[in-house]
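Heads up, the thing below is written out as structure tokens.
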Amino acid sequence: VEFFTSTDKISQLFNEEDFLLKTFSLYIDAEEENIKLMKRLLLLLQLGSYLDPVDPEKIKDPVAAYKLLRRVRAEWINIVDYTQLSLYQLYQTVLTYAQIPQLEDLDGAASGLIRLQEIYKLYPHNITKEMALNADEAYHVGLVAYNEDKFQHAFLWFLYSLDRLTQYSVTTKQQLLRHLSLSSYQFGNLPMAIYFGQQLLNLDPTNDDIKVLLDLYRRLRFQRTSNPDILRLSNESSKYETLCRGEVDERTSKRQRALSCRYSTGGGNPRLMYPPLKEEVEWDDPRIIRYHDIISDREIEILKNISRPLLSRSKVYQDGWDTVSQDRVSQSVFLQDDPVATRVSQRIADATGLSMETAESLLVQNYGIGGRFEPHYDALETGVNDRIATFLIYMSDVGMGGATVFPDIGVATKPKKGSAVFWYNLHKNGELDLNTRHAGCPVLVGNKWVANKWIHEFGQEFKRPCSLSEWE
Ligand SMILES: O=C(O)CCC(=O)C(=O)O
Ligand SMILES: [Fe+2]
């Protein structure tokens, strides 16, 4: 199992740990019992050989020899049996089935922290407000950042680690100074690289490796002038990141405020008479509609419970393949033939007026540490029967972060439990609507559960007539 890509999986670790502790304790008790038995056996055998020692003289007697062979064999078979009683093998099997976080989980979780830091512009001490990392943990996060070529973030984590170094830390001051120097160099701040290199050399005058590096840095220093401030996080960021942080520009929010809200019965659909749908237009072009209270808390609980044991790492469609990607950190499952999913699907059909005949099964998703889905189109651009529309249901509120954002139009929709957003990915002429590019922002605090319904083109011919116009 993979843990870091689903907060729900991580919460299962509580049970897992409980199980591990209990079975370990049982195993020790059983082994203890076994050792007691073996000690008693040893005593008996020692006693037997004392009372009835092997007498070389007697061996000449064939009957005595026969008896001796029998006795020794019986005793040793007994010992072999006793030692095989050991539960070691069995316990090993239990351990191989136990779900212990892998190294990939630790690296993935660290990578999630770094992504949060990038998008929300956080310093290590902001991100670890409630719960401080110790020097070793911070060093690990720094190394992961370094390996991802995020040298400024790595530097800040190494500095944080240095600050927290104690006599109990496994990480050494030498390691940290070296990495502070290396990441400064990689980031292009040579004075800082030289400063930390020199500190290391003072501490460890025989370190030839750092002598060579220092020499290089000093020579480069005279050739290069760039001197970026490694201690300050830059203010530049993409539209996607700005939206994730909730910085919406004035024009967008004005236009958004001018949009409308209404109750709808889907043109007199009896299933929607009571209660009627609560529709809110979140954006006009492309039209993004929010449906409030489209799914009940009870239905949400059922969908989550069914999905929980079935979740696995989400993939992205790339060059004809579904592949695991850093761009999509979540776990998900397509729910087939589930009565609640079917009921929800019917409600989506009623709300949108579209046919669900060719739609995909409901996809339930849970995000992990820094869980996200980087900007993408839902349409797969396969040419035929593409994903004409998306119905995205929010099955949880999210403490902080986790908005769905559309960077090309500057719109962010916040998760609100029980509500959904709906939009067309394709124009009426079948072309991809380039403004529907969107992303799920990293989850900063809390759990994020969503369910997607991807609706396809076939079957919508009379429900959403196509157009020959270039403009629709
Ligand atoms: O989680 C979100 O807010 C967006 C999810 C999404 O875009 C998708 O699953 O295609
Ligand atoms: Fe999407």
Side-chain angles (χ1 to χ4, degrees), residues 5-8 112 115-116 119 240-241 243-246 282-283 286 288-291 294-295 300 303-304 307 311-318 322-335 344 348 359-382 386-409 411-426 432-456:
T5 47
S6 154
T7 50
D8 199 68
R115 195 77 188 102
L116 289 174
I119 295 224
Y240 157 52
E241 295 172 339
L243 281 168
C244 283
R245 287 199 295 276
E282 292 242 1
W283 199 244
I288 302 172
I289 298 176
R290 168 94 66 167
Y291 292 95
I294 192 82
I295 183 170
I300 287 174
L303 289 178
K304 276 163 51 173
S307 307
L311 290 172
S312 67
R313 178 74 186 260
S314 306
K315 298 186 172 173
V316 298
Y317 185 77
Q318 227 166 38
D322 282 334
T323 47
V324 164
S325 158
Q326 281 301 310
D327 287 350
R328 193 175 186 197
V329 179
S330 71
Q331 295 196 12
S332 53
V333 58
F334 280 104
L335 289 185
V344 169
I348 296 172
E360 293 168 52
S361 313
L362 193 69
L363 180 79
V364 173
Q365 289 193 76
N366 174 238
Y367 287 85
I369 296 181
R372 62 188 176 264
F373 196 171
E374 302 277 303
H376 65 279
Y377 294 107
D378 281 352
L380 302 173
E381 299 175 80
T382 47
D386 207 340
R387 290 172 172 167
I388 191 173
T390 298
F391 200 94
L392 172 65
I393 302 170
Y394 295 113
M395 301 207 296
S396 66
D397 296 311
V398 179
M400 273 167 101
T404 309
V405 301
F406 297 74
D408 300 309
I409 49 175
V411 170
T413 63
K414 282 212 181 107
K416 180 175 162 252
K417 190 175 180 185
S419 76
V421 286
F422 169 76
W423 69 86
Y424 280 103
N425 297 303
L426 306 180
L432 176 64
D433 185 342
L434 294 172
N435 286 333
T436 61
R437 201 165 65 99
H438 61 279
C441 297
V443 178
L444 193 53
V445 178
N447 299 310
K448 182 180 179 188
W449 286 87
V450 295
N452 294 58
K453 191 78 180 171
W454 283 304
I455 304 163
H456 284 249

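Each ligand, and each atom within it, is numbered from 1 in the order the structure gives. The structure presented is a predicted model; accordingly, all values stated were derived computationally and were not measured.
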Query raised in the report: So, do Trp283 and Trp423 sit near enough that their side-chain heavy atoms are less than 4.5 Å apart?
Result: no
Query raised in the report: At the Fe ion (ligand 2), what angle lies between atom NE2 of His438 and atom NE2 of His376, rounded to 10 degrees?
Result: 90°
Report task. Specify whether His376 and Phe373 have parallel, tilted or perpendicular ring planes, treating 30° as the upper limit for parallel and 60° as the lower limit for perpendicular. Result -> parallel
Query raised in the report: Just checking, any donor-acceptor pair under 3.5 angstrom between side chains of Thr436 and Asp378?
Result: no
Report summary line: of all protein heavy atoms, closest to atom 2 (C) of ligand 1 is Lys448 NZ, 3.2 Å
Report task. Check Trp454 against ligand 1 and report side chain, backbone, both or neither, counting heavy atoms closer than 4.0 Å. Result -> side chain
Report summary line: For Asp378, the N, O or S atom at the shortest distance from the Fe ion (ligand 2) is OD1
Report task. Starting from atom 8 (C) of ligand 1, find the nearest protein heavy-atom neighbour and note its residue, name and distance. Result -> Asn452 ND2, 3.3 Å
Report summary line: Looking only at protein heavy atoms, what sits closest to atom 3 (O) of ligand 1 is Thr404 OG1, 2.5 Å
**Report entry** Name of the residue among Ser325, Ser332, Ser6 meeting side chain to side chain donor-acceptor pair (under 3.5 Å) with Ser314
**Finding:** Ser332
Report summary line: for atom 9 (O) of ligand 1, nearest protein heavy atom and its distance come out as Gln365 NE2, 2.8 Å
Query - Side chain, backbone, both or neither: the part of Asp378 lying under 4.0 Å from ligand 1 by heavy atom - result: side chain
Query raised in the report: What residue and heavy atom of the protein are closest to atom 1 (O) of ligand 1, and at what distance?
Result: Tyr367 OH, 2.5 Å
Query raised in the report: Looking at CG of Asn425 and CG of Asp433, how far apart are the two atoms once the value is rounded to the nearest 0.5 Å?
Result: 8.0 Å
Query raised in the report: Should the heavy atoms of other residues, nucleotides or ligands under 6.0 Å from NZ of Lys304 be counted, would the total exceed 12?
Result: yes
**Report entry** Residue pairs passing the side chain to side chain donor-acceptor pair (under 3.5 Å) test where at least one lies in residues 440-451, sequence neighbours excluded
**Finding:** Thr7-Asn447
